[in-house]
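Everything on this sheet refers to the single structure shown next.
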Amino acid sequence: MHPSQTLAGTALVFLFGGTAMGAQADAAPPSTVPDPAAVEIDSGFDHIGADVHRIEIDDRPVFYLDDGPAEGRPVVFIGGQGTSLAAFQLSEFNRSLRLELGLRMISVERNGFGESPFNPELGYSDYTDEVLGVLDHRGVDEFAIVAISGGGAYAAQLAAAVPDRVLSLHAAAAVSSTLPTRDAPDCDTSLAEMKEEVSRYTHHPKDWWGVPGSPVQAIPGWQAAAYGDATRAFYVNGQMGDPSALAAEYRRPCTDEAVVDAERITAPTYLYWGEEDTTVPVKVMEHWKEALPNVARATVYPGQGHTVQYRHWDQVLTDIAGLGDHRVVCRDGETLLASREELGEDAFLGNCAWQGSDSDRAKQ
């Protein structure tokens with residue numbers, strides 16, 4: 001028999017359950033076959049992501065997601081620099097806890113990223129108007145804000161615009177570029193030069209979201225999902241890696257409207273930082289502390305870098321829910337909420353699933 005015929009025959013034997021051709025295929029071993037009477041099938045679909053919605057505000061399309069119980073506490077999620085609204089999905093490894101806490105997450109896509117067409121004339125106030133337009137459209141009055149990294153610039157703008165509507169503000173490794181205590185932004189780099197500089201990221205999305213060595217690598221599928229957000233941000237609407245939106249976001253702190261009246265940000269504010277963060281270093285947290293009149297808690301996590309918000313997202317959610325006097329800890333193999341009085345010096349902060357990914361102690 002010719003070798004190719006032998007290989008073909010082998011493939012057929014494999015495809016037909018390991019029996020010789022012409023013989024009746026045996027069933028799989030009994031130990032691998034579930035009892036059909038014991039199989040429970042939900043009459044519905046498993047969750048694979050939040051729906052993206054579209055409305056018109058000031059004659060321009062605005063894209064947003066709204067996920068969680070309608071009666072839950074609304075939370076405006078503002079992702080980092082150059083991210084689409086899908087960046088919210090990267091926090092959903094704690095989805096069960098979020099729903100248990102009754103948190104409803106709303107994220108509005110920023111100018112030029114994802115499905116949102118780029119308009120170089122739009123600035124911070126326009127994004128604030130879009131967020132408030134979405135909230136009004138969804139019947140939301142009071143809400144909390146959580147901002148990650150570059151989202152801090154927009155969070156400060158939103159919190160200062162409607163202080164009476166903000167329940168709490170949560171800034172995780174978030175830039176201070178719209179606070180009066182900020183470091184002076186780089187305004188010498190032209191827009192054209194900035195576009196040239198950042199095109200290396202928009203043309204190679206994996207470089208934008210790659211976080212080698214981060215504890216988040218312990219979350220199954222997290223890095224792949226992060227690459228997916230970068231691809232959405234820079235390509236999904238036909239941008240083809242156009243760096244204009246990202247360059248404009250870098251330059252936005254140089255605009256006349258950038259700096260807010262921080263005294264108007266009166267909501268209790270929670271700050272979360274990684275001691276080893278070199279992207280948004282701990283000194284930026286000091287900008288927030290100096291500028292805002294109502295910092296409820298500022299936490300620095302030793303050994304953590306710029307992905308500290310994901311490593312301690314369970315604590316962020318707990319604080320947003322109004323349980324800021326409790327900490328998420330792992331004790332005797334069980335993840336639970338402990339009051340400050342119940343914490344020991346050696347308490348492991350966060351879900352037990354993080355054990356082995358790091359060993360940190362928070363400094364507050």
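For the single chain, residues carry numbers from 1 onward in sequence order.
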Around atom [atom1] of [X], are there more than 12 heavy atoms from other residues, nucleotides or ligands closer than 6.0 Å?
X	atom1	answer
D59	CG	no
E196	CD	no
E100	CD	no

Item to check | side-chain contact (heavy atoms from CB on, under 4.5 Å) evaluation trace for L179 with W288 | outcome: CA-CA 7 Å; L179 296 177; W288 286 87; 3.6 Å; yes
Find out if a path of hydrophobic residues (ILVMFWY) with successive side-chain heavy-atom gaps under 4.5 Å connects [X] to [Y].
X	Y	answer
V260	V284	yes
L122	I78	no
L191	V198	no
I219	F88	yes
L292	V162	yes

Check whether any side-chain N or O of [X] sits under 3.5 Å from a backbone N or O of [Y] as a donor-acceptor pair, and report yes or no.
X	Y	answer
W273	V280	yes
Q315	G350	no
D67	M105	no
D314	N351	yes
R297	G324	yes
R311	G305	no
E275	P281	no
S125	G123	no
R104	G68	no
S168	A144	no

[atom2] on [Y] to [atom1] on [X], rounded to 0.5 Å:
X	Y	atom1	atom2	answer
E193	D188	CD	CG	9.5 Å
R138	I55	CZ	CD1	9.0 Å
Y227	W222	OH	CH2	9.0 Å
H53	L65	NE2	CG	7.5 Å
S177	R252	OG	CZ	10.5 Å
R182	E290	CZ	CD	14.5 Å

Compare all side-chain heavy atoms of [X] with those of [Y] and state whether any distance is below 4.5 angstrom.
X	Y	value
T202	D242	no
Q157	Y127	no
F143	R165	yes
V75	H170	no
T255	Y124	yes
L323	L101	yes
V316	Y310	no
N237	F118	no

Next on the checklist: Using the rule side chain to side chain contact (heavy atoms under 4.5 Å, CB included), only one of I57, V108, L158, V140 pairs with L132; which is it?
Outcome noted: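 Among I57, V108, L158, V140, the one that satisfies the side chain to side chain contact (heavy atoms under 4.5 Å, CB included) with L132 is L158.
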Item to check | Criterion side chain to side chain contact (heavy atoms under 4.5 Å, CB included) against V131, the qualifying member of T128, D129, L135 | outcome: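 So, applying the side chain to side chain contact (heavy atoms under 4.5 Å, CB included) to V131 and each of T128, D129, L135, only L135 qualifies.
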Item to check | Parallel, tilted or perpendicular: rings of W208 and Y250 (30°, 60°) | outcome: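 Geometry flag for W208 against Y250: perpendicular rings.
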Closest approach of [X] to [Y] (non-hydrogen atoms, all atoms of both residues):
X	Y	answer
C187	R251	O-NH1, 3.2 Å
W209	A87	CZ2-CB, 4.5 Å
L246	G82	CD1-CA, 3.8 Å
Y301	V308	CD1-CG2, 3.5 Å
T178	G152	OG1-O, 4.2 Å
C254	D186	SG-O, 3.7 Å

Next on the checklist: For a side-chain contact (heavy atoms from CB on, under 4.5 Å) check, start with the C-alpha distance between V62 and V134, then their side-chain angles and the critical distance, and finish with the verdict.
Outcome noted: CA-CA 8 Å; V62 174; V134 168; 3.9 Å; yes
Checklist entry - Can the ring centres of H312 and Y272 be said to be less than 6.0 Å apart? => result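 Ring centroids of H312 and Y272 are no less than 6.0 Å from each other.
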Checklist outcome for this item: Residues passing the side-chain contact (heavy atoms from CB on, under 4.5 Å) test with H204, sequence neighbours excluded, are D207
Strictly by modelled atom types, are [X] and [Y] linked by a side-chain donor-acceptor pair under 3.5 Å?
X	Y	answer
H326	T318	no
T279	H306	no
D229	S84	yes

Does a salt bridge link [X] with [Y], judged by any charged N lying under 4.0 Å from a carboxylate O?
X	Y	result
K289	E286	yes
E142	R73	no
R340	D325	no
E109	R232	yes

Item to check | Chi angles and distances behind the side-chain contact (heavy atoms from CB on, under 4.5 Å) call for L97, T335 | outcome: CA-CA 11 Å; L97 174 60; T335 305; over 6 Å; no
Item to check | Result of checking R54, R110, R60 against E130 for salt bridge (Lys or Arg N to Asp or Glu O under 4.0 Å) | outcome: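 Among the candidates, only R60 passes.
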Item to check | Residue pairs, two or more places apart or on separate chains, that pass disulfide bond (SG atoms under 2.5 Å apart) and touch residues 82-140 | outcome: none
Checklist entry - Should V282 and D277 be marked as a side-chain contact (heavy atoms from CB on, under 4.5 Å) after you check the CA-CA gap, both sets of side-chain angles, and the distance that decides it? => result CA-CA 7 Å; V282 173; D277 192 343; 5.7 Å; no
